[in-house]
Participant: 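Just passing along the structure, written as structure tokens.
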Protein chains: 2
Amino acid sequence: MNNDESLKLESQLCFRLYSLTKLMNRHYSPVLKKLGLTYSQYLVMLVLWENNNTTSVISVKQLGEKLDLDSGTLSPLLKRLEKQAFVSRVRNSEDERSVEVKLTTLGCQLKAQAQNIPQEMFSITGMSVDELHNLNSQLDSLLVTMKTK
Amino acid sequence: MNNDESLKLESQLCFRLYSLTKLMNRHYSPVLKKLGLTYSQYLVMLVLWENNNTTSVISVKQLGEKLDLDSGTLSPLLKRLEKQAFVSRVRNSEDERSVEVKLTTLGCQLKAQAQNIPQEMFSITGMSVDELHNLNSQLDSLLVTMKTK
DNA sequence: TTTATTTAAGTTGTGCACAATTTGATTTTG
DNA sequence: CAAAATCAAATTGTGCACAACTTAAATAAA
């Protein structure tokens, strides 16, 4: 492919990823809005729902590592989730630099309302389970490669 | 896959797309910064560079259709590109509702500096040309399906 | 031990992305 | 033709995502 050709929009993987991510978000938004969540807030809740109780804690730092987000993004986002009473934020008494996030009872309860979202979104892709797994693993290796370069 | 399983971060296609798009942006940002562009501004320039001259025009509306962006995103973005003298914006005299965008001489010249960006980004993916084409076409069909639902 | 370095959150500022609305122009149609 | 509907941009407001910086705490080094 020559330079002029590769400068075209249609040839670019990045533009596809960018467009798909926007499209995904548009499908998620109305569904998540019913729960009072944005997509990024939903990602935080997914992490917290993995230990679905009001005692497990995770630091902002750890949350950032899981989601690949920094405190500049997470701090205000977590405040919004706290304002809605889905999470609580408490400074760690052992290490005062760290802030621990955990689910509130309301935040726990919200999980039930989110149970069928993945299935709903999967159906929108029109893919088979095999195709999904195949695409997922391709994207995983791309993620690994691009993180280390 | 049960509901609890599918609510996990690792099982989700969307999270992979979201993460990859952020990662892409992080690779593009430093490279594009040298040209004075953000990724979204670069996309606009890619469209304009397809007719690389200072006479071809495209309306904000058409630009929005190509990039799947609305005027709420494009209007301020185009103003920034205009402030940097990469594009000019002129209201269409035939139809005063429409605004035509075109490259300035400076905007045309900028293309030369962008020539090797696609190659550079491709090398970061670590993929072969075949793998890239294959992934691109998978994402294309996903885009088609998701647009129509 | 006190100085230096590192670390975790938070803050500030910029630029999207998009919903909702406004403004003004063009079409439609009654 | 005039009123109604449609259309293209722009504006306003919200919430990321991230760079750059600040603050306060913990750890390491001199």
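Here the structure is a predicted model, which is why all the values come from computation and not from measurement.
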Participant: Given atom CG of L81(A) and atom P of dG15(D), what is their separation to the nearest angstrom?
Facilitator: 11 Å
Participant: Would you mind building the protein contact string for nucleotides 1-9 of chain D? One character per nucleotide, 5' to 3', B for base within reach (heavy atoms under 4.0 Å), S for sugar-phosphate only, - for untouched.
Facilitator: ------BSB
Participant: Can you measure Q84(A) atom CD to dG15(D) atom C1' for me and round it to whole angstrom units?
Facilitator: 12 Å
Participant: Please determine if a side-chain N or O atom of R80(A) lies less than 4.0 Å away from the OP1 or OP2 oxygen of dC16(D).
Facilitator: yes
Participant: Any carboxylate oxygen within less than 4.0 angstrom of a Lys/Arg side-chain nitrogen, looking at R26(B) and D68(A)?
Facilitator: yes
Participant: Distance check needed: dC16(D) P versus R26(B) CZ, whole Å only.
Facilitator: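 These atoms are roughly 16 Å apart.
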Participant: Which distance, rounded to the nearest 0.5 Å, do you find between the CD of Q113(B) and the CG of L32(B)?
Facilitator: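 Output value for this atom pair is 11.5 Å.
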Participant: Within this structure, what is the CG-to-P distance between D70(A) and dC16(D), rounded to whole angstrom?
Facilitator: 13 Å
Participant: What is the distance, to the nearest angstrom, from the CG atom on L43(A) to the C1' atom on dG15(D)?
Facilitator: 14 Å
Participant: Whole angstroms only, please: what is the CG-P distance between L23(A) and dA17(C)?
Facilitator: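 So the CG-P distance, L23(A) to dA17(C), works out to 14 Å.
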Participant: Would you mind classifying the nucleic acid contact of E65(A) as base, sugar-phosphate or nothing, using non-hydrogen atoms under 4.0 angstrom?
Facilitator: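 Contact class for E65(A): none.
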Participant: Could you check how far CG of L77(B) sits from C1' of dT14(C), rounded to whole Å?
Facilitator: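 Going from CG in L77(B) over to C1' in dT14(C) covers 12 Å.
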Participant: For N136(A) and L13(B), which heavy atoms make the closest approach, and how far apart are they?
Facilitator: OD1-CA, 3.4 Å
Participant: Which heavy-atom pair separates E100(A) from V57(A) by the least distance, and what is that distance?
Facilitator: OE2-CG2, 3.7 Å
Participant: What are the two closest non-hydrogen atoms of S128(A) and F122(A), and how far apart are they?
Facilitator: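 Here S128(A) and F122(A) meet closest at C-CZ, 3.9 Å.
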Participant: Which atom pair, heavy atoms only, marks the closest approach of M146(A) to T125(B)?
Facilitator: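 Heavy atoms only, the tightest pair is CG-CA, 4.3 Å.
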Participant: Restricting to non-hydrogen atoms, name the atom on T105(B) and the atom on T54(B) that form the minimum distance, rounded to 0.1 Å.
Facilitator: N-CG2, 3.6 Å
Participant: Please list, by residue number, the residues of residues 33-40 of chain B whose heavy atoms come closer than 4.0 Å to an atom of DNA chain C; answer none if no residue qualifies.
Facilitator: T38(B), S40(B)
Participant: State, to 0.1 Å, how close P118(B) and A114(B) come at their nearest heavy-atom pair, and which atoms those are.
Facilitator: CD-O, 3.5 Å
Participant: On DNA chain D, nearest-nucleotide positions of S93(A) versus D68(A): which is more 5'?
Facilitator: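 Result: D68(A).
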Participant: Does T104(A) reach the main-chain N or O of G107(A) with its side chain, forming a donor-acceptor pair under 3.5 Å?
Facilitator: yes
Participant: dC16(D), OP1 or OP2 - any side-chain N/O from Y18(B) closer than 4.0 Å?
Facilitator: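 The answer is no; no side-chain N or O of Y18(B) sits under 4.0 Å from OP1 or OP2.
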Participant: Round to a whole Å and report the spacing from NZ of K83(A) to C1' of dT14(D).
Facilitator: 11 Å
Participant: Quick one: which of dA17(D), dT11(D), dC16(D) gets closest to the side chain of K79(B)?
Facilitator: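 Side chain of K79(B) sits closest to dT11(D).
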